[in-house]
Amino acid sequence: MEAAVRAWGAAWSARDVDRYLSAYASDFAPASGLSRKNWEEERRARIGGKSSISVTLEKLVVNIDGQSASASFRQTYRADKLNQTDRKTLELRRVGGQWLIRKETVGA
């Protein structure tokens, strides 16, 4: 499960939008209230529009309960002139042998 979270961060850093989006479960509901389709379009534009992105995950704490899990960590995001550090929690579900993100919370 930790590998899935780190692969998500690596895909984001590599600006590999397809791999980044494939880390999300089909029932992922964006916190922004956008539809999944509109959220994906926004993510493609935002990630693809940056000249470089660096996502670092620190103090990763994973809790697994059967087919569900959570991952909490400190995320440092750097892109172009933006440098931001937040606490983030991902809620994941095991689907077909893969851990996929169902929910994302910042500041938790």
Side-chain angles (χ1 to χ4, degrees):
M1 209 282 290
E2 180 177 338
V5 173
R6 294 204 181 276
W8 163 81
W12 195 0
S13 290
R15 297 175 42 233
D16 184 340
V17 181
D18 290 334
R19 196 164 46 109
Y20 168 84
L21 292 174
S22 74
Y24 290 85
S26 60
D27 62 349
F28 172 76
S32 61
L34 291 174
S35 70
R36 172 67 186 256
K37 181 178 185 283
N38 288 345
W39 174 82
E40 282 193 16
E41 289 170 359
E42 179 189 77
R43 297 309 295 157
R44 284 185 187 284
R46 290 177 101 184
I47 293 169
K50 302 285 189 261
S51 61
S52 69
I53 295 176
S54 170
V55 178
T56 307
L57 311 180
E58 298 174 309
K59 299 182 180 177
L60 177 60
V61 176
V62 171
N63 292 301
I64 299 174
D65 183 11
Q67 300 299 305
S68 298
S70 67
S72 299
F73 49 90
R74 191 174 111 192
Q75 172 185 294
T76 301
Y77 173 86
R78 291 184 183 92
D80 299 339
K81 295 180 180 177
L82 180 64
N83 185 350
Q84 184 173 341
T85 300
D86 292 301
R87 290 286 311 155
K88 186 171 269 189
T89 300
L90 302 178
E91 293 179 23
L92 299 98
R93 172 171 53 101
R94 194 167 178 81
V95 179
Q98 272 182 248
W99 288 103
L100 299 176
I101 301 166
R102 296 187 69 202
K103 185 177 178 185
E104 216 172 344
T105 309
V106 176

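The figures here come from the full heavy-atom set of this structure, side chains too, leaving out hydrogens, waters and symmetry mates.
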Considering all heavy atoms, the nearest [X]-[Y] contact:
| X | Y | value |
| --- | --- | --- |
| P30 | S35 | CG-O, 4.2 Å |
| R19 | A7 | NH1-O, 3.9 Å |
| A25 | R102 | CB-CG, 4.0 Å |
| R94 | W99 | NH1-NE1, 2.9 Å |
| S22 | Q98 | O-NE2, 4.4 Å |
| R46 | K50 | O-CG, 3.2 Å |

When rounded to the nearest 0.5 angstrom, what is the spacing between [atom1] in [X] and [atom2] in [Y]?
| X | Y | atom1 | atom2 | answer |
| --- | --- | --- | --- | --- |
| T89 | Q75 | OG1 | CD | 11.0 Å |
| I101 | D27 | CD1 | CG | 12.0 Å |
| E2 | I64 | CD | CD1 | 9.5 Å |
| S68 | M1 | OG | CE | 10.5 Å |
| R6 | F73 | CZ | CZ | 9.0 Å |
| I47 | L21 | CD1 | CG | 6.5 Å |

Taking side-chain hydrogen bond (donor to acceptor under 3.5 Å, both in side chains) as the definition, give me every residue that meets it alongside R36, ordered by chain and number, with sequence neighbours left out.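 R36: side-chain hydrogen bond (donor to acceptor under 3.5 Å, both in side chains) contacts with E40.
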Looking at residues at least two apart in the chain, or sitting in another chain, which of them share a side-chain hydrogen bond (donor to acceptor under 3.5 Å, both in side chains) with E91?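 Scan of E91 (side-chain hydrogen bond (donor to acceptor under 3.5 Å, both in side chains), adjacent residues dropped) gives none.
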Does any non-hydrogen side-chain atom of [Y] lie less than 4.5 Å from one of [X]?
| X | Y | result |
| --- | --- | --- |
| V62 | V5 | no |
| N83 | T76 | yes |
| R93 | F28 | no |
| K88 | Y77 | no |

Using a 3.5 Å distance criterion without hydrogens, assess whether the side chain of R15 forms a donor-acceptor pair with backbone atoms of I53.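 Side chain of R15 to backbone of I53, a donor-acceptor pair under 3.5 Å: no, none is there.
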Exam field: side chain S51 to backbone D80, donor-acceptor pair closer than 3.5 Å: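 Flag not set: sc S51 to bb D80 has no pair under 3.5 Å.
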Would you indicate whether D65, at its atom CG, is surrounded by more than 12 heavy atoms from other residues, nucleotides or ligands within a distance under 6.0 Å?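 At most 12 heavy atoms, drawn from other residues, nucleotides or ligands, come within 6.0 Å of this atom.
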Check the hydrophobic clustering (I, L, V, M, F, W, Y; side-chain heavy atoms under 4.5 Å; chains of links allowed) and say if V61 and L92 are grouped together.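 No; tracing contacts between hydrophobic side chains, which count when under 4.5 Å, never links both residues.
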Where does the angle between the aromatic ring planes of Y24 and W39 fall among parallel (under 30°), tilted (30 to 60°) and perpendicular (over 60°)?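 Rings of Y24 and W39: perpendicular, as their planes differ by over 60°.
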Using a strict cut-off of less than 4.0 Å between a Lys/Arg side-chain nitrogen and an Asp/Glu carboxylate oxygen, indicate whether D18 and R44 qualify as a salt bridge.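 Yes, this pair counts.
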Quick one: hydrophobic cluster around L100, which other residues, with the 4.5 Å side-chain cut-off, linked directly or via members?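 Noted: L100 shares its cluster with V95.
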